[in-house]
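See below for the structure under consideration.
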Protein chains: 2
Amino acid sequence: MASSDRRGPYICGIDAAMDVVSGKWKSLILWELANYGTRRFGELKRGLPGVSEKMLIQHLREMEQDGLLHREVYREVPPKVEYALTEHGRSLNEALGPLGEWGQRRAERLAAEGTPPPA
Amino acid sequence: MASSDRRGPYICGIDAAMDVVSGKWKSLILWELANYGTRRFGELKRGLPGVSEKMLIQHLREMEQDGLLHREVYREVPPKVEYALTEHGRSLNEALGPLGEWGQRRAERLAAEGTPPPA
DNA sequence: TTCAATACTTACCTGGAGGTAAGTATTGAA
DNA sequence: TTCAATACTTACCTCCAGGTAAGTATTGAA
């Protein structure tokens, strides 16, 4: 969910899914964790160029509350925290597959049509 | 795309798809048009309770520019305008299917867990 | 005693998504 | 001459997602 809690009522499934995945970096976090299995806070930060620490932690917290990922704290010095997808997170990532493929085709089509990225 | 034009560069397919589908009412417009085939402005408005005319027309214009739908004007009095999905719009709607199903399951799970909608 | 490394935390600010409400254009019917 | 019906259009405003930048907590090593 977004920081302004919703959790319904939803008018359709897309609505319910978007409530959980909308957020500038969430789908990328999902992708990163699906690819690497487990990632530390700093690794995620480096893997998402441009993300601010505030938004990264905020998104991670929301995704944890939404049951998409698990947070494991290792009491070491310096501190170490690992994030990993839950089963729900993995299934969401899979459900996003077709959308990603559609977007991929769109990007290729735009490129083929000679639409240069804006200056 | 959002009113602040993006059209890339995209860092992944999800990104490219989200650029086109993010917007409070866009997935619902997609669903409405996929279900009815063709809809007039006023019909869409009545079909999306709560949408403002400003946002509806803005979303429709953006989706037209993104090649998702077609706008057909009938020179009559009173005026008549019909909207229908293009092939791209239809394929996007299909790509959203699994996400919608995931959201549906999530909504059912939340209901089963006894998470009442917020007051 | 200070520093390095990691993972946050907090205060503050800006831009833009989206809402409200009133106005416009067209023309046949009453 | 006014009104009804439809599809916008415009001005103005609010709220919040997200950014920046500085601060905190922990403790072993130098």
Side-chain angles (χ1 to χ4, degrees), chain A residues 1-7 11 15 18-29 32-33 36 38-66 69-84 118, chain B residues 1-7 11 15 18-29 32-33 36 38-66 69-84 118:
Chain A
M1 65 197 174
S3 42
S4 51
D5 315 44
R6 275 212 47 209
R7 289 179 176 279
I11 52 189
D15 190 20
M18 284 297 184
D19 188 28
V20 141
V21 88
S22 75
K24 193 170 178 182
W25 307 93
K26 287 193 179 175
S27 60
L28 293 174
I29 292 172
E32 189 87 0
L33 290 181
Y36 288 93
T38 277
R39 296 241 92 181
R40 298 180 57 176
F41 181 82
E43 290 173 332
L44 282 172
K45 193 188 159 192
R46 270 171 261 123
L48 309 179
V51 72
S52 66
E53 296 188 347
K54 176 198 159 198
M55 283 318 295
L56 180 53
I57 195 84
Q58 184 176 309
H59 280 171
L60 288 170
R61 290 280 145 85
E62 289 169 8
M63 293 171 77
E64 189 190 4
Q65 282 201 18
D66 285 332
L69 55 79
H70 173 73
R71 180 169 175 269
E72 185 81 30
V73 181
Y74 296 84
R75 310 206 117 279
E76 301 172 0
V77 171
K80 173 179 170 184
V81 179
E82 283 188 346
Y83 295 89
Chain B
M1 64 194 171
S3 44
S4 51
D5 315 45
R6 277 212 45 210
R7 288 177 177 283
I11 52 189
D15 191 18
M18 284 297 185
D19 188 27
V20 141
V21 88
S22 75
K24 192 170 178 182
W25 306 94
K26 287 192 179 174
S27 60
L28 293 176
I29 292 172
E32 190 86 1
L33 290 181
Y36 288 93
T38 276
R39 295 243 92 182
R40 298 180 59 177
F41 181 82
E43 289 173 331
L44 283 171
K45 194 188 159 195
R46 270 172 261 124
L48 308 179
V51 72
S52 67
E53 296 188 345
K54 176 198 159 199
M55 284 317 295
L56 180 54
I57 196 82
Q58 184 175 310
H59 280 171
L60 288 170
R61 290 279 145 86
E62 289 169 8
M63 292 170 77
E64 189 189 3
Q65 282 201 18
D66 285 332
L69 54 80
H70 174 72
R71 181 171 175 268
E72 186 81 29
V73 179
Y74 296 83
R75 309 207 118 280
E76 302 173 4
V77 171
K80 174 178 168 184
V81 180
E82 283 188 344
Y83 295 89

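Residue numbering restarts at 1 for every chain, and letters A, B, ... go by the order of the sequence lines. Fair warning: this is a prediction, and the values are worked out from it, not measured in the lab. The figures here come from the full heavy-atom set of this structure, side chains too, leaving out hydrogens, waters and symmetry mates.
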[X] has an atom [atom1]; how far is it from atom [atom2] of [N], in whole Å?
{"X": "K24(A)", "N": "dG15(C)", "atom1": "NZ", "atom2": "C1'", "answer": "11 Å"}
{"X": "E62(B)", "N": "dG16(C)", "atom1": "CD", "atom2": "P", "answer": "13 Å"}
{"X": "H59(B)", "N": "dG18(C)", "atom1": "NE2", "atom2": "C1'", "answer": "8 Å"}
{"X": "L56(B)", "N": "dA17(C)", "atom1": "CG", "atom2": "P", "answer": "17 Å"}
{"X": "M18(B)", "N": "dG18(D)", "atom1": "CE", "atom2": "C1'", "answer": "17 Å"}
{"X": "Q58(A)", "N": "dC16(D)", "atom1": "CD", "atom2": "P", "answer": "13 Å"}
{"X": "D19(A)", "N": "dC16(D)", "atom1": "CG", "atom2": "P", "answer": "14 Å"}

Show the nearest heavy-atom pair for residues V21(A) and K26(A), with the distance to one decimal.
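V21(A) and K26(A) have their closest heavy atoms at O-CB, 3.6 Å.
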
Given side chain to side chain contact (heavy atoms under 4.5 Å, CB included), test W25(B) with L56(B) step by step and report yes or no.
CA-CA 8 Å; W25(B) 306 94; L56(B) 180 54; 5.9 Å; no

Nearest-nucleotide comparison on DNA chain D, the residue closer to the 5′ end among E76(A) and G23(A)
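This one resolves to G23(A).
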
With sequence neighbours left out, write down each residue that passes side chain to side chain donor-acceptor pair (under 3.5 Å) with R61(B), or none if nothing qualifies.
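Partners of R61(B) by the side chain to side chain donor-acceptor pair (under 3.5 Å) criterion come out as none, since no residue qualifies.
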
Would you please name every residue forming a side chain to side chain donor-acceptor pair (under 3.5 Å) with E82(B), sequence neighbours left out?
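For E82(B), the residues satisfying side chain to side chain donor-acceptor pair (under 3.5 Å) (neighbours in sequence not counted) are Y74(B).
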
Output all residues satisfying salt bridge (charged side-chain N to carboxylate O under 4.0 Å, His left out) with [X], sequence neighbours left out; order by chain, then residue number.
{"X": "E43(B)", "result": "R39(B)"}
{"X": "R40(B)", "result": "none"}
{"X": "E64(B)", "result": "none"}

Could you tell me which residues satisfy side chain to side chain contact (heavy atoms under 4.5 Å, CB included) with V77(A), sequence neighbours excluded, listed by chain and number?
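Here no residue qualifies.
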
Please collect all salt bridge (charged side-chain N to carboxylate O under 4.0 Å, His left out) contacts where either partner lies in residues 46-57 of chain A, sequence neighbours excluded, each pair once.
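Matches after skipping sequence neighbours: K45(A)-E53(A).
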
For each nucleotide in nucleotides 6-12 of chain C, reading 5' to 3', give B when a protein heavy atom comes within less than 4.0 Å of its base, S when such contact involves only the sugar-phosphate, and - otherwise.
BSBBBB-

DNA chain D in dot-bracket, Watson-Crick or G-U pairs under 3.5 Å, [ ] crossing, | other strand?
||||||||||||||||||||||||||||||

